[in-house]
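Hydrogens, waters and symmetry mates are skipped; everything else that's a heavy atom, side chains included, is used. Note that the structure is a prediction, hence the values are computed from the model and not measured.
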Amino acid sequence: MGFQLSAIGLACATLLVGCGGGGAATGGKSQSIEFAFPGSHYLMTPAAPLVATASSGLPITFTSNTPSTCTMDGDKLVTVKAGECSITASQAGDSTYMAASQQQLFNVLKHTQFVNFPSPGFQSITKTPDPLVATSESGLPVTFASTTPDVCTTTGTTLTLVSKGTCSITAAQAGNDTYDAGSAKAVFIVGDDKPPVLTIMNGVKAVDSTVDGDPINRWAGSSVDGWSCSDPNWCSTTFNAADSSFTYKYVIQTKDPKHPWDGSDIGAYFGFDVVPHGVKDGTSDGLRVSNQTTIKITLGQNDEWVQTGHNELYLIFVLGHVNNNCNVAPHVLLKPTGSAVTTYEVQLSDIKGFDNSCGLSNLNEADEMKKYPIVDFKVYGPRSNTSVVGASPTTPGYPTALTVKGPITIQ
């Protein structure tokens, strides 16, 4: 997690005298302030606490230098509009210590806009499709466009089928001063016979088991805890029987005496995997993709992880293609658009790259997915939260949490 200082912050790190402050402090002993770099924050997200400490142990006061962009509510940052935000962390001093302050300069970004565009699914070439339906988080109008006009076209919300093949439609919203532009893509087959739905997971019946009795493995770790989390104050799982979901949480705590942090940049990993029901040998059996186009998964993340802007997830398909005891595993990137539990539809055509190529070259993701069965499925967060503070057993703590609600299907 490297704490970062702006140029102004470096100049103001020790004495308030150099930064235009002063006042009641009469002490002659200097003090310093450690003000953690907040990273980028987004509009329309909950007020987030900032972290700063004085070497004297005296309380810190936060003040916004750019109130048109951001303000402070106690120790919590409130975003106002997109732009540069400057915050000063001050300590007024007392009869022993001189006053001191430090500044941080960072960006407030537009709210990432989610466009909800449920895939129309398989379309029979002999039938008239239903109108296209999509909504934007902002409530602003959505437009549709076909990127495969030889197979399908759009006019307003009307979908016209031209020929058999793969149809790709994009639903887009241009954004405004508060919301960033957003889009979603649906890819589906136009033909005669509808392909079967493949089920990776039907649902959850316990923190570590699917409704079919298959294991759910969770894993997390960082350079702070030795790359493997076994401390229940750091990693834990809860199960919600009402909606067949589980939530896996991992909290990096840089002041926890049981896991001392040396101040270096923090590396971390986080995720889970599940073996589709019926898979036994990890090679020949498994789920076989034919004309399916979309994976559907329902999940949510904690606010702090979303606020980092680095809450991407890799959906990893571990295949029955084995080389030197290694399974080839193509992946596709999913960027959740908010913390709420949401059903996401990710196109298999967007699979780009491999989590593991097992030393093989010239592999083609689409060919691999059609030639070999899916024998394991992973959801992996390559960048855990290491910058936005949240509730934790020790302070500061940086929580990363993922809620998953079954089923997970390919259709």
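The salt bridge (charged side-chain N to carboxylate O under 4.0 Å, His left out) contacts involving residues 245-258 comprise Asp231-Lys258, where partners must be two or more places apart or lie in separate chains. Within the structure, disulfide (SG to SG under 2.5 Å) pairs that include any residue of residues 361-401 do not occur (at least two apart or interchain).
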Let me have the donor-acceptor pairs involving side chains of residues 269-277, under 3.5 Å, with sequence neighbours excluded, atom names and distances please.
from   : atom 1 : to     : atom 2 : distance (Å)
Tyr269 : OH     : Ala220 : O      : 3.4
Tyr269 : OH     : Trp227 : O      : 2.6
Asp273 : OD1    : Trp219 : NE1    : 2.9
Asp273 : OD2    : Asn217 : ND2    : 3.3
His277 : ND1    : Asp214 : OD2    : 3.0

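Paired with Tyr344 under the rule side chain to side chain contact (heavy atoms under 4.5 Å, CB included), one option of Thr337, Asn116, Thr294 passes, and it is Thr337. Tested against Tyr314, the residues Leu333, Asp355, Leu334, Val379 include a single side chain to side chain contact (heavy atoms under 4.5 Å, CB included) partner, Leu333. Evaluated for a side chain to side chain contact (heavy atoms under 4.5 Å, CB included) with Val332, the options Leu313, Leu315, Ile316 yield exactly one hit, Leu315.
With hydrogens and angles ignored, the 3.5 Å screen pairs a side-chain donor or acceptor of Ser64 with a backbone N or O of Cys70. A distance-only check finds a donor-acceptor pair linking the side chain of Asp262 to the backbone of Ser264 [under 3.5 Å]. At least one donor-acceptor pair under 3.5 Å links the side chain of Arg218 to the backbone N or O of Ile216. Side-chain atoms of Ser146 come within 3.5 Å of backbone N or O of Cys152 as a donor-acceptor pair. A donor-acceptor contact shorter than 3.5 Å links the side chain of Gln292 to the backbone of Pro196. Put simply, the side chain of Glu304 never gets that close to the backbone of Thr386: no donor and acceptor are under 3.5 Å apart. Without hydrogens or angle criteria, Asn324 side chain to Cys326 main chain gives no donor-acceptor distance under 3.5 Å. At distances below 3.5 Å, not a single donor-acceptor pair connects side-chain atoms of Trp305 with backbone N or O atoms of Thr308. A donor-acceptor pair is defined here as one N or O able to donate and one able to accept, closer than 3.5 Å; such a pair exists between the side chain of Ser56 and the backbone of Leu58.
Contact check for Ile87 versus Phe35: side-chain heavy atoms found under the 4.5 Å cut-off. With a 4.5 Å cut-off on side-chain heavy atoms, Leu159 and Pro131 do not count as touching. For the pair Thr178 and Met44, the minimum side-chain heavy-atom distance is below 4.5 Å. Side-chain contact between Thr342 and Phe114 is present, with at least one heavy-atom pair separated by less than 4.5 Å. For the pair Asn202/Thr210, no side-chain contact is recorded, criterion being any heavy-atom separation below 4.5 Å from C-beta on. Between Val318 and Phe377, the closest side-chain pair of non-hydrogen atoms is not below 4.5 Å. Using a 4.5 Å heavy-atom threshold, the side chains of Tyr42 and Thr112 count as touching. Between Gln253 and His259, the closest side-chain pair of non-hydrogen atoms is not below 4.5 Å.
A donor and an acceptor atom, one from each side chain of Tyr250 and Asp225, are located under 3.5 Å apart. For the 3.5 Å distance criterion, the side chains of Glu368 and His321 qualify, holding a donor opposite an acceptor. Remark: the Gln113 side chain and the Ser138 side chain contain an N/O donor-acceptor pair separated by less than 3.5 Å. Judged purely by distance below 3.5 Å, without hydrogens or angles, the side chains of Ser339 and Gln301 never pair a donor atom with an acceptor atom.
For the salt bridge (charged side-chain N to carboxylate O under 4.0 Å, His left out) test, residues two or more places apart in sequence or in another chain that qualify with Lys185 are Asp350. Legend: residues meeting salt bridge (charged side-chain N to carboxylate O under 4.0 Å, His left out) with Lys405, ordered by chain and number and at least two apart, are absent. Under the side-chain contact (heavy atoms from CB on, under 4.5 Å) criterion, Asp75 pairs with Pro49, Phe62, sequence neighbours left out.
For the atom pair CD1 of Ile295 and CD of Gln411, the computed distance is 10.0 Å after rounding to the nearest 0.5 Å. Of the inter-residue distances, the one linking Ser222 atom OG with Tyr398 atom OH reads 12.5 Å to the nearest 0.5 angstrom.
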### Message
Working note: Phe354 + Phe317, criterion ring pair (Phe, Tyr, Trp, His ring centres under 6.0 Å); need CA distance, chi angles, decisive distance, verdict.
### Response
CA-CA 9 Å; Phe354 291 84; Phe317 305 88; over 10 Å; no
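More than 12 heavy atoms of other shown residues, nucleotides or ligands fall within 6.0 angstrom of atom CD in Glu312. Heavy atoms of other residues, nucleotides or ligands lying less than 6.0 angstrom from CG of Asp193 number 12 at most. Lys370 NZ: 12 or fewer foreign heavy atoms inside a 6.0 Å radius.
Between Lys81 and Asp177 no salt bridge is recorded (no basic side-chain N to carboxylate O distance below 4.0 Å).
Checked against the 6.0 Å centroid threshold, His41 and Phe106 count as a close aromatic pair.
Using a 30° and 60° split on the angle between ring planes, Tyr179 and His111 fall in the perpendicular class, above 60°.
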